[in-house]
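A quick write-up on the structure given underneath.
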Amino acid sequence: MQMTTSNVAHGRARRDQQLALFESRDAAFLARCRALAVLVARDKGEVSINDVRSLMELPRGVSPSVFGAVFRHRKFEAIGYTQAAHPDAHARAVRVYKLKGEK
């Protein structure tokens with residue numbers, strides 16, 4: 001299967017549009033997730049969505065896809081990958097982050 005540049009660009013635009021919706025609609029939940037992610041990153045030196053998901057309960061009626069917006073913030077810098085820990089993710093790769101400006 002060949003991926004064209006326009007398909008990739010279209011896919012990214014759709015993703016960004018959905019994540020922007022989460023940013024406005026679920027801002028309070030995302031703020032709590034990010035605050036928790038900062039604490040974990042300071043404690044462990046790194047953080048992934050696995051850490052956040054294990055400590056935060058998803059509010060009723062909120063799509064689990066909202067977790068995709070947690071690290072879309074200038075505080076975080078991707079440093080690697082790990083496998084998703086929740087079964088519905090089918091062990092897909094998820095990014096590992098550190099806080100920008102910290103070792």
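Because the structure is a prediction, the values reported are computed rather than measured.
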CD/E46 to NZ/K44 distance, rounded to the nearest 0.5 angstrom? 6.0 Å
4.5 Å side-chain heavy-atom contact, F76 and R95: no
Which distance, rounded to the nearest 0.5 Å, do you find between the CZ of R32 and the CG of D26? 9.5 Å
Side chains of V38 and V47: closer than 4.5 Å at any heavy-atom pair? no
The reported gap from CG in L30 to CE in M56 (rounded to nearest 0.5 angstrom) is 9.0 Å
Where the side chain of N50 meets the backbone of Q83, is there a donor-acceptor pair that is under 3.5 Å apart? yes
Spatial distance of atom CG (L58) from atom SG (C33) [nearest 0.5 Å]: 8.5 Å
Within this structure, what is the OG-CZ distance for the pair S48 and R53, rounded to the nearest 0.5 Å? 10.5 Å
Same cluster or not: are V52 and V66 linked, directly or through other Ile, Leu, Val, Met, Phe, Trp or Tyr residues, by side-chain heavy atoms under 4.5 angstrom apart? yes
Evaluate the ring planes of Y97 and F71, with Trp represented by its six-membered ring, and classify them as parallel (under 30°), tilted (30 to 60°) or perpendicular (over 60°). parallel
Rounded distance [0.5 Å steps], CG in L99 versus CD1 in I79: 9.5 Å
Look only at the side chain of H73 and the backbone of K75, and say whether a donor-acceptor pair between them is shorter than 3.5 Å. yes
Side-chain touch R34/V70, heavy atoms, less than 4.5 angstrom: yes
Are L55 and F67 linked, directly or through other ILVMFWY residues, by side chains that come within less than 4.5 angstrom of each other? yes
